[in-house]
Structures are given as structure tokens and as C-alpha cells.
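Below you'll find the structure, written out as C-alpha cells, and then a few comments.
Small disclaimer: the values here were computed from a predicted structure and weren't measured. One is the number of the first residue; the rest follow in order along the sequence.
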Amino acid sequence: MANRFDFKGTRAAAPYFEGWYVKVTDPDKDFTLALIPGVALFGAKECFVQYNLFYKEKSLSGKITFPIEAFTTVNDPYSILMPLFVLSETGVKTHLKDESIDLLVDLSFGTFLPLEQTLYTPSIMGPFEYLKMPCSHDVVSMQHDVKGSVVVNGEKIAINKGKGYIEKDRGSTFPSKYVWAQSNIFKEREDCSVFLSVADIDLNIINFMGTIAVFHDGEKEHRFATYLGAKAEVKVDVDQQNYSVKLKDPRKRLTAQVSLKNSDKLIAPMNHNMDYTIKETVKADISLVFEEKDKEPVYLNTINGAAECVNWD
């Protein structure tokens, strides 16, 4: 099966985007950093690195842009390169600087926890992987150890017990509306991970609400997806600061309550441009219940989740 980390857009033509979402959390330090490197081939062509940082009760976000010619990949190990930025499956090193932040990152990744792959489900997209979708999603690692250091505006933070998560998106546009949530740090259990998304899918000839989600209990992957018959119910508060998601199929159910506190601005690809402002938090409260037929429910809570709610009313 194909490596889900690698850059897929070598021969892509506009309109096209591809980006990695690389998140590390050290709950002992109350620290979370999401780095989002990518390329955007629209009217303007660029490569970029976005950051979303939470530390000491403060959040910062921003976007550093480079000419598209500054983006490249190399082998041994396969790495994504931009000016003062290197990302591979073994770690990430970068120096990002703008008006808000001077950020030095030197982090090493442990062994990835990837999703199961079959011919029917080569990725989280299942059989939709074989179609040209407006937005194709990949989960590279549900969970891995992270160690190293991060320097934020001159203050060094030693990351000794970090946990990482990596996903990807590529295509021509993000969905017009969606909810998304992720966490691999829960106070009740250290081995569980979750990712979920419910989105409006527009294929021109058909429009539907699609869902993809995975709950990993440390030993087994439990997948929910439209292509597997899962049904989704989403309820969003009027202020869009809290939402609930219920996913179910004949044998299992996943319920999530999400609080979008501490959200910050990021830029997303929408309508063939890389200029759509969304809000994402890397410090979300998430309460999770996983129920499987003939088994005891699993109850989990975290204050170290990540979440988005975009145009859902």
C-alpha cells in the first residue's frame, strides 16, 4: 500500500493544495504546537508553514509564506523541505519568525500508529480514495512519542513526554462546512486516540453529508465511515463554541462533546483560493463515549484536544 505521508502532488495542476497537520502535545508542560506545512496552487502559487501554539494559557497562530519554488522533497529519509523547515517521518526541525513569534523547533518522532489498509480502504477515505475528490484526507499517525525541544520567543521548553499526531489533506477545496476533532491524550487512559470529521461533500452530481472517524483503544482500530454504513448526527450551539457528534453503525457508537475554547485563526483553501479564515483550537475540551455491542462502554475526557467548526449552523 502507498505511504500516506509522502507528497502526492508532484504532477498536480491548479487548482490544488496539499498540506500536513503535525501536532505535538506535552500535557505536563501544558504545551501544544500544530505545524501545518503545505503548497497552494491557485491564482497565486505558494508554499507555507502555519503554526498554532498554546502555552502558559496563551495561544498564538500565524502563517509564513514562501515562493512555490522553495518547496521540494528529498529521499533517505523522505523529507519535506522549505526555507529553514524540514519534516520527515523521523521528526521536524524549523525556525519560524514573524511579528508575533520567534519559534525554534527540534523534535524527534517515535514509531507511528498508522491506520489499517486494504484494497477497499487504502486510506481513511476508503473507496473514495480512488476518485478525484474536492478534498482527500489521510491519517498518517494516530499516535507516536515525541521528544526534543521548542524555543518560543527565547524560552526553551524541553519536550520529554510529548505525543504526536499527523494527518494530511489534498485536493482543490476544503468542504464548505464541517466539524473536526482529534485527541490522543485522555486522563483515564494513555493508549486511546480519536479522530473524527463530518463534512458536506459536493461531487457536483451528488451532495451528501459524509463522515470519517477512528477510535483506537490501544489495541484495535474502530472505524466509522459513510462508506461503511455509519450514520452521523451533529448539533452545534448557536455561538458555534460547542458541538456534539454522534456516530453509529449496527455494532458500535461514538459520542463526542467538544468545546472550542482558545481558538485561533488559520488560513484554509476554499473556493480555489488560499485565503479563507477559519478558527481552530489546539486546547479543546472533549468528552468521549465509545460503545461496542456486548462490551462495557469506554468513557474518556481530555483538555488537550484539537477541534474546528466551520460554517455549521
Can a side-chain donor-acceptor contact be found between [Y] and [X] if the only test is distance below 3.5 angstrom?
X	Y	answer
Lys147	Asn160	no
His216	Gln143	no
Asp264	Ser59	yes

* Asked: Does Arg189 pair with Asp217 as a salt bridge, N-O distance under 4.0 Å?
  -> no
* To do: Could you tell me whether Asp285 and Lys261 make a salt bridge, using a distance below 4.0 angstrom between a side-chain N and a carboxylate O?
  => yes
So, for [X] and [Y], which heavy atoms are closest and what is the spacing to 0.1 Å?
X	Y	answer
Pro27	Ile185	CD-CD1, 3.8 Å
Asn153	Ser100	ND2-O, 3.6 Å
Ala181	Val258	CB-CG2, 4.2 Å
Tyr78	Ser88	O-CB, 3.3 Å
Asp26	Ile159	OD2-CA, 3.7 Å
Ala232	Thr211	CB-CB, 4.1 Å

* Among Val105, Leu107, Ile80, side chain to side chain contact (heavy atoms under 4.5 Å, CB included) partner for Leu87 -> Ile80
I need the [X] [atom1] to [Y] [atom2] distance, nearest 0.5 Å.
X	Y	atom1	atom2	answer
Leu113	Glu221	CG	CD	8.0 Å
Thr255	Leu288	OG1	CG	8.0 Å
Leu196	Ser183	CG	OG	10.5 Å
Leu254	Glu292	CG	CD	11.5 Å

Closer than 3.5 angstrom, by distance alone: can the side chain of [X] be matched with the main-chain N or O of [Y] as a donor-acceptor pair?
X	Y	answer
Asp237	Asp239	no
Glu233	Val245	no
Glu18	Lys8	yes
Ser287	Gln257	no
Lys293	Pro250	no
Ser123	Met125	yes
Lys23	Ala306	no
Ser263	Glu280	no
Glu46	Val39	no
Asp98	Ile101	yes

* To do: Using the six-membered ring of Phe224, assess whether NZ or CZ of Lys252 lies under 6.0 Å from its centre and within 45 degrees of the ring axis.
  => yes
* Is the number of heavy atoms from other residues, nucleotides or ligands under 6.0 Å of Glu296 CD greater than 12? -> no
* In terms of heavy-atom contacts, does CG of Asp313 have more than 12 from other residues, nucleotides or ligands at under 6.0 Å? -> no
Near-ring test [Y]/[X], centroid separation under 6.0 angstrom:
X	Y	result
Phe290	Tyr299	no
Trp180	Tyr21	yes
Phe7	Phe71	yes

* Asked: Are Lys161 and Asp145 close enough, and set up right, to give a salt bridge (Lys or Arg N to Asp or Glu O under 4.0 Å), and what steps lead you there?
  -> CA-CA 7 Å; Lys161 297 181 180 179; Asp145 293 334; over 6 Å; no
* Look at the aromatic rings of Phe42 and His272 and report parallel, tilted or perpendicular, splitting at 30° and 60°. => parallel
* Asked: Parallel, tilted or perpendicular: which fits the ring planes of Tyr178 and Phe174, with parallel below 30° and perpendicular above 60°?
  -> perpendicular
* Asked: Can you tell if the side chain of Ile278 reaches within under 4.5 Å of the side chain of Lys265, non-hydrogen atoms only?
  -> no
Can you get from [X] to [Y] by hopping between Ile, Leu, Val, Met, Phe, Trp and Tyr side chains that sit under 4.5 Å apart?
X	Y	result
Leu103	Val282	no
Tyr243	Leu247	yes
Val49	Leu60	yes
Val152	Val92	yes

* Quick one: name the residues clustered hydrophobically with Leu104, using the 4.5 Å side-chain heavy-atom rule over I, L, V, M, F, W, Y, and just say none if it's on its own. => Val151
